[in-house]
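Here the structure comes first, spelled out in structure tokens, and everything after it is commentary.
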Protein chains: 2
Amino acid sequence: MPDTPARNTGAHVAYVELKRQILTLQLKPGERIYEPAMATALGVSRTPLREAVRRLISENLLEQQPTGGVLVPVLDENVISELYEVRAAMESLMARNACLKATAADIEALHGILARNAAVVEFADDAMQQGMALHAKIAGTAGNSWARRFHDQVSSQMERYRHFTNSTQERRDQALSQHRTLVEAVAGGNPEKAAKIAFDHVMAARDAALRAMSGNGPGIS
Amino acid sequence: MPDTPARNTGAHVAYVELKRQILTLQLKPGERIYEPAMATALGVSRTPLREAVRRLISENLLEQQPTGGVLVPVLDENVISELYEVRAAMESLMARNACLKATAADIEALHGILARNAAVVEFADDAMQQGMALHAKIAGTAGNSWARRFHDQVSSQMERYRHFTNSTQERRDQALSQHRTLVEAVAGGNPEKAAKIAFDHVMAARDAALRAMSGNGPGIS
DNA sequence: AGAAAAATACTTGTATACATATATACAGTA
DNA sequence: TACTGTATATATGTATACAAGTATTTTTCT
């Protein structure tokens, strides 16, 4: 998040570590957080741990129960669909704005990333890396800090589902071609078109992910 | 926010009261929050106050300084433009989904709200009320809780700018006609069209707000 | 034995005390 | 006078102690 305090306070390290554990599913969905135990486990006292927990609650990476406990939210197919939709809306907006504001240097940088993207299309991890770089560059060019903030939040959420939405070679090829179209649209100076392409691109990723998930046996959690 | 704990804990009342003071500009933009003073002012100790403050920071209604103080974010024209854009993206998405999922009863409810909207078009407060009711109904029909959450966050933010973006009669008439078009689009079953109309509708509101602000002398802060 | 009631253990919420960092004011020196 | 170094005061970060509420287990009564 942009507002991460650079200082190495105990609350901050607790936040980072707890978030990591949640996103990697090291803390299992549905699991409850007990403050005293978690505090000693992370080597801080309850006060800074509590601060980290409350922050994660407001980022929706933890969930406060009405009865008064805190737990790791369970995974669910509807949620992942919602997340993709919001991501589509954000990337669409950013593509539109990037199109309006991009300088020649920005366009060149986008083409550079695209080339690297093409070079690694057969390696899942590198391909995702470059895909994210492309989106990051577009986001930076768009210059809407709120869109970026929400996009980051959604991306964090989606990490929890990563294991269920493994990408196939076919999917990566499709993504690469969509990225090409997207960069062309941004470079072409047609904001409406860029927005639509970005939207459809993410929605296609959503459909692929949902298909991959329903293929994975009982599915979630 | 949906995740507001219903319990009447001290941290919660501090959060609500502090948020109110920020949104009504009772706490002035740029003003710093001193924990001991604010805690006694709100009648709680530093611990629950701190919890409220940290939560407001992660909702971007307070700002942590690198040096270590907390202050009320200053207002700025770029931000309001960004907020409108994100709101446009969210409402566009929700209009699309509402279009896909709306039942006959939903459509009827929308028409009812529209009628009430028309009846109060000359009263600024009531008109805004009904406008929000319309958007709320669409949001409910769309059924994307994340879109809703972000939309709510943005709306909260925008309250701080309310005093600067007073609506004119002309603007209200325009909004009513756009609402009519929007409901027709949602009812008509064309998701793409509904999405585009919602987007343009909010962007038009943005332009009106920016014009109103630049008319208000030195403007902001 | 089964159900209701009481007691116990544990968790969360809050206050407060203490340590550390930061800013302010003052004094001494160039 | 301007500047640096020191001392003081104040704010933030953290730990801990205590209060209040909840769940669980044990005990008692039918």
Side-chain angles (χ1 to χ4, degrees), chain A residues 1-22 27-74, chain B residues 1-22 27-74:
Chain A
M1 306 295 136
D3 54 342
T4 301
R7 280 172 303 167
N8 271 6
T9 107
H12 184 245
V13 309
Y15 164 78
V16 170
E17 174 58 13
L18 207 44
K19 180 171 176 176
R20 192 191 63 76
Q21 290 192 17
I22 294 168
L27 280 169
K28 300 223 178 356
E31 191 168 331
R32 181 167 170 183
I33 307 279
Y34 294 95
E35 292 177 4
M38 185 58 77
T40 56
L42 296 182
V44 296
S45 83
R46 270 185 64 213
T47 309
L49 172 82
R50 218 150 184 287
E51 200 158 290
V53 166
R54 305 324 273 215
R55 182 168 170 194
L56 288 163
I57 289 174
S58 63
E59 289 176 14
N60 300 288
L61 286 169
L62 285 176
E63 194 173 82
Q64 170 113 33
Q65 297 242 286
T67 69
V70 170
L71 38 88
V72 182
V74 293
Chain B
M1 306 298 136
D3 53 343
T4 302
R7 281 173 302 166
N8 271 6
T9 126
H12 185 246
V13 309
Y15 165 78
V16 169
E17 175 58 14
L18 208 44
K19 179 171 177 177
R20 193 191 62 76
Q21 290 191 18
I22 294 168
L27 280 169
K28 302 226 179 350
E31 191 168 331
R32 181 167 169 183
I33 306 280
Y34 294 96
E35 291 178 3
M38 185 58 78
T40 57
L42 296 182
V44 296
S45 84
R46 269 184 66 215
T47 309
L49 172 82
R50 214 148 187 290
E51 199 158 292
V53 167
R54 306 322 275 213
R55 181 167 171 193
L56 287 163
I57 288 174
S58 63
E59 290 176 14
N60 300 285
L61 285 169
L62 286 175
E63 196 175 81
Q64 171 113 36
Q65 297 243 285
T67 68
V70 171
L71 37 87
V72 183
V74 293

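Here is how names work: the chains are called A, B, and so on, in the same order as the sequence lines, proteins then strands, and each is numbered from 1. For the numbers below, each heavy atom of this structure counts, side chains included, while hydrogens, waters and symmetry mates do not.
- Between Val72(A) and Lys28(A), every side-chain heavy-atom pair lies at or beyond the 4.5 Å cut-off.
- Residue whose closest nucleotide on DNA chain C sits further toward the 5' end, between Ala11(B) and Tyr34(A): Tyr34(A).
- The listed nucleotides are dA15(C), dT16(D), dG13(C); the one nearest the side chain of Ser45(B) is dA15(C).
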Run Met38(B) and Leu18(B) through side-chain contact (heavy atoms from CB on, under 4.5 Å) and show every step you take. CA-CA 9 Å; Met38(B) 185 58 78; Leu18(B) 208 44; 3.9 Å; yes

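- Closest to the side chain of Pro36(B), from the set dT12(C), dT12(D), dA15(C), is dT12(D).
- Side-chain proximity of Val44(A) to the nucleotides dA15(D), dT12(C), dT16(C) is greatest for dA15(D).
- Close to dA15(D), at under 4.0 Å from its OP1 or OP2, lies no side-chain N or O of Arg50(A).
- For Thr9(B) and dT12(C), the shortest distance from a side-chain N or O to OP1 or OP2 is not below 4.0 Å.
- Arg55(A) has its side chain out of reach of Arg54(B): every pair of non-hydrogen atoms, C-beta onward, lies at least 4.5 Å apart.
- Residue Ile33(B) is classed as a sugar-phosphate contact, given heavy-atom separations below 4.0 Å to backbone atoms only.
- Not counting sequence neighbours, the partners of Ser45(B) by the side chain to side chain contact (heavy atoms under 4.5 Å, CB included) test are Thr47(B), Pro48(B).
- Atoms CZ (Arg32(A)) and C1' (dT24(D)) sit 13 Å apart, rounded to a whole Å.
- The side chain of Thr47(B) places no N or O atom within less than 4.0 Å of a non-bridging phosphate oxygen (OP1 or OP2) of dT14(C).
- Taking atom CD of Gln64(B) as the reference point, atom C1' of dA21(C) lies 14 Å away to the nearest angstrom.
- Look at CD on Glu51(B): it is 7 Å from P on dG13(C), rounded to the nearest Å.
- Nearest nucleotide to the side chain of Glu35(A), out of dG13(C), dT16(C), dT12(D): dG13(C).
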